Number of protein chains: 2
Amino acid sequence: MPNFIFLCLLFCTMSTYAKGGLSASEILKNSNSKDWRAVDNKNVLYMEIPNGRVIIELNPEFAPRHVVNIQKLAQEKYWDGLAIVRTQDNYVVQWGDPNSEDIKNKKAIKSAAPTLAAEFEVPLNNKLLFAKIPDRDTYATQTGFYQGFPIAYDSKAGKMWMTHCYGMVGAGRNNPPDSGGGTELYVVIGQAPRHLDRNVTLVGRVLEGMDLLSTLPRGTGPMGFYEKEKERIPIRSMRLASDVSEKEKIALEVLRTDTKTFNAWLEARRNRQEDWFHYSVGHIDVCNLSVPVRRK
Amino acid sequence: MPNFIFLCLLFCTMSTYAKGGLSASEILKNSNSKDWRAVDNKNVLYMEIPNGRVIIELNPEFAPRHVVNIQKLAQEKYWDGLAIVRTQDNYVVQWGDPNSEDIKNKKAIKSAAPTLAAEFEVPLNNKLLFAKIPDRDTYATQTGFYQGFPIAYDSKAGKMWMTHCYGMVGAGRNNPPDSGGGTELYVVIGQAPRHLDRNVTLVGRVLEGMDLLSTLPRGTGPMGFYEKEKERIPIRSMRLASDVSEKEKIALEVLRTDTKTFNAWLEARRNRQEDWFHYSVGHIDVCNLSVPVRRK
């Protein structure tokens, strides 16, 4: 017993998970093809900007109406020739129609809806396979992943929603909750602004090209808006991956989040196995896990 | 009673803090001069890089030996002519001697120590005035602020430490815990990597110029290191603010974190008062609060 107490004095504040397991990168190296999910190209957007392509995956389970509307907007080429209008440090990059408030000069919307009822949260669907994070979260009672998207849910309230982590894409809105719809989109480029959860409709996440957005010059106007027209970054086009030619397609796979491999990867991230680590905290925040993506 | 239950069904998952108070920005507008603390120039570093000046405040209470060593390194002009060698997206910018592993070509250190015993955590000092955050944290039992620096502490273990939030500056190290010392520094430019807490010595935070670092091109080598020498960003100089001429000084003030004004600001951030918010979560993470800084 004294020995136990002595050991406990030394180690009990340290992780309960001993080192010696595989590291997160070793687990990915050992994964097999069934651990990865091919993305569905009809839910993938290619945003072409002067410095390259940003690839976004939409999540129809968590924002069904917005996803359909965004698909329509892409198919009617709504964003082509519009621009990135705002880059606020440690917060968001936002794009859409710079003239959206100008009735005469704003770009016409054809088949899509200009605004939609909000999808801040949706009814909890227990049939979806959730990978739960076992650690407490500051903002929600439970967090986890659905098909690689970071989520939170509340069993009592019977609601689930996506969380504002780095790389998540949402539909900007004005003050009325139903004033968004997908014409104006934003991406999180800093510390997860989780106070926005359940306040804006999230629609998906960036799978590739985050650095093309995160390195953009910060706007000098209020909220990071670009003050001069020439500072804006033009959008050459925004298309569904299913609508571009075969040679333009990039086949991506996302690590499945309903597998033993994912659970092992999560544990290795909660309890770092690399020699560099002196102390392993044994906890992790949903926004400290960016589910791996690879080219096929 | 039925009315209460009815109301509760509508509102009980919402914030318990009603709207109608001042917003965080209104509270800052109404603050008076006693709510602000002038920074002590002997604890302030000016890093001059091609695109401007980055201003860093050191925290001698939480990393006393490292702060003294960094002051010596600045005074012997150690960093002048060295470079930013690494920028990893959603993680860190790091600078120091690109030849640090090359015994023949590395820059000589004069009065400072090349390495120091780690200061991952220090004994808890209850005399320091901590502004506590009342919400649960994923990584620590208690978080808060000391003089604007984000911190965590553990009363049982009797330890306190700074936390890896956006803009925090730390002393890079190799695998042995005592292999750092301040010659190589890094700044967090993404989602708070809180798993690094108690694994690296944090020394301070950036007060001004974060966007000069966060927009740097991401390195294409492993861990975001720049692969070519010409990609590195040269450091013109790094000086203590107390050592530059009067006309080169920039007087900064930081919002005090031991005042009623700070508590009101914290509450307004936990419970957003702005009309835009549909839902107020009533919680906040220590890394979602960047304590305000202003020019005097």
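A note on names: the letters A, B, ... follow the listed sequences, proteins ahead of strands, and every chain is numbered from 1. For clarity, every value in this text was computed on a predicted model and none was experimentally measured. Only heavy atoms go into these numbers, but all of them, side chains included; no hydrogens, no water, no symmetry mates.
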(request) Among A:Cys287, A:Pro177, A:Gly190, A:Ser290, single out the residue with the greatest number of heavy-atom pairs under 4.5 Å to chain B. (result)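 Going by pairs under 4.5 Å, I would pick A:Cys287.
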(message) Under 4.5 Å from any heavy atom of chain B, what part of A:Ile133 do you find: side chain, backbone, both or neither?
(response)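 Answer is neither: A:Ile133 stays 4.5 Å or more from chain B.
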(message) On a heavy-atom basis, which atom in B:Thr138 and which in A:Asp137 lie closest, and how many Å separate them?
(response)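 Minimum heavy-atom separation between B:Thr138 and A:Asp137: OG1-CA, 3.8 Å.
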(message) Testing the basics here: between A:Arg218 and B:Ser214, what is the closest heavy-atom pair and its distance to 0.1 Å?
(response)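 Heavy-atom minimum between the residues: NH2-OG, 3.5 Å.
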Indicate yes or no: at least one non-hydrogen side-chain atom of [X] is less than 4.5 angstrom from one of [Y].
X        : Y        : answer
A:Asn175 : B:Phe277 : no
A:Asn288 : B:Tyr139 : yes
A:Arg173 : B:Trp276 : yes
A:Asp285 : B:Arg194 : no

(message) Looking at chain A, which one of B:Arg269, B:Lys159, B:His283 has the largest number of heavy-atom pairs inside 4.5 Å, strictly under?
(response)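 Heavy-atom pair counts peak at B:His283.
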Atom pair [atom1] ([X]) and [atom2] ([Y]), whose distance is rounded to the nearest 0.5 Å:
X        : Y        : atom1 : atom2 : result
A:Ile189 : B:Ile189 : CD1   : CD1   : 10.0 Å
B:Asn90  : A:Tyr166 : CG    : OH    : 4.5 Å
B:Leu212 : A:Asp89  : CG    : CG    : 9.5 Å

With distance as the sole test, does [X] use its side chain to make a donor-acceptor pair with the main-chain N or O of [Y] at under 3.5 Å?
X        : Y        : result
B:Arg272 : A:His195 : no
B:Asn199 : A:His278 : yes
A:Gln191 : B:Ala192 : yes

(request) Identify which part of B:Ala118 has an atom lying under 4.5 Å from any heavy atom of chain A, answering side chain, backbone, both or neither. (result)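 It is neither, since no heavy atom gets under 4.5 Å.
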